[in-house]
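Reading through the structure tokens given below for one structure.
All chains are named by letter (A, B, ...) in the order of the sequence lines, taking the proteins before the strands, and each is independently numbered beginning at 1.
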There are 2 protein chains.
Amino acid sequence: MTDPRKPNPARRSERSRRAILDAARELISELGYAKVSIESIAARAGVGKQTIYRWWPSKGAVIFDSFLALSEGEEGMRLPDTGDLEADLKTVMRATVAEFADPAFEAPIRALNMEIIGDPDLAALYRDKLARPVDEAKKARLRSGQQAGQLAADADLDLVLEVLYAPLHQRWLHRSGPLTQEYADALVETTLRAFSP
Amino acid sequence: MTDPRKPNPARRSERSRRAILDAARELISELGYAKVSIESIAARAGVGKQTIYRWWPSKGAVIFDSFLALSEGEEGMRLPDTGDLEADLKTVMRATVAEFADPAFEAPIRALNMEIIGDPDLAALYRDKLARPVDEAKKARLRSGQQAGQLAADADLDLVLEVLYAPLHQRWLHRSGPLTQEYADALVETTLRAFSP
């Protein structure tokens, strides 16, 4: 058993790591990528610069990991599967719309999007490390809907995900319309009509 | 009749105006909004700074007009109307996909998108001055399709446009898939299935 009176270096390291990643994400939301420095991340996190350089080779690496940390625990992420594809997608899309409508949540994702749009290498890294694993979890749920006869067996699942998510993504990025539960539901219904069996 | 030997001040002004707008658009693609200055636009256009200040109050105003100039002649823009909504939308979407696949065309639009995403005021200006007039032209074509029984009479036309264009927009911004004629056709077919009468 761990003696609670003794300092635990592993736990302290984990605390520092989390503080650094939180600081990186906060600063990129507040200042934008170009103005964030290793120094400012260290100061916000309350650690020395050397602590950051011990774990990460560059500013880009810290910032990218700070976004990866957002989806930690989503490894092996699964969508709800009650047997009703429409109901399950509505649950997921309503939660997603609520996140994008929340200023605290959306600010760092917006900052990351601006970087990705301007930087093809970062875009590729984003696709491989962040987008693809999440997309695979979504496709697994769509496949079970195909087996249940709730989605066309020959539907192109990449296109299904684009039709479901891209309108929300664009509306959020351009602030071109309200992000509501009704909108989440409308996207699910539209997508299922387009790819009905 | 105009004497061709005499200088024509109106024509010279128009040439300078076009040179300034072209320079602004080129520079924003090359450098990004933050690094473009009135001085650099003037130098690229081969005019004096005062010429720019005579016509525009600020850098933002010049740059915005440079994008508006892209859609000049689209005032009273109309989509083709052969009576076949699917064929007409495929014509339009194939042309749009080809534009986004063209590096010379897409670079300034990408730079503008990054500005819009980060700046709510610019996003509102973009919607009012650039996006809305074009969307209205597209909706006019959709309405004639509704009258012809080729699109559900109660379809939400804003949602129809989002489902048609947002997947392309996202795929282009994130460079997440090929921009091909087949993709253009698939988006039209998917959208018309989703909103069939």
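- Considering all non-hydrogen atoms of both residues, Ile117(A) and His174(B) come closest at CG1-CD2, 4.2 Å.
- Applying the side chain to side chain contact (heavy atoms under 4.5 Å, CB included) rule to Ser40(A) yields the partners Leu27(A), Val36(A), Ser37(A); only residues at least two apart in sequence or on another chain are considered.
- For Leu168(B), no part lies under 4.5 angstrom from a heavy atom of chain A.
- Across all their heavy atoms, Arg175(B) and Arg127(A) have their closest contact at O-NH1, 2.9 Å.
- Within residues 144-160 of chain A, the residues that have a heavy atom under 4.5 Å from a heavy atom of chain B are Leu159(A), listed by number.
- The most heavy-atom pairs under 4.5 Å with chain A, out of Leu192(B), Leu161(B), Leu173(B), Leu187(B), come from Leu173(B).
- Between the CE atom in Met114(B) and the CD atom in Glu115(A) there is a gap of 6.5 Å [rounded to 0.5 Å].
- Among Tyr165(B), Tyr183(B), Tyr126(B), Trp172(B), the residue with the largest count of heavy-atom pairs under 4.5 Å with chain A is Tyr183(B).
- Here Pro120(A) is the residue among Ser176(A), Ala123(A), Gly118(A), Pro120(A) with the most heavy-atom pairs under 4.5 Å with chain B.
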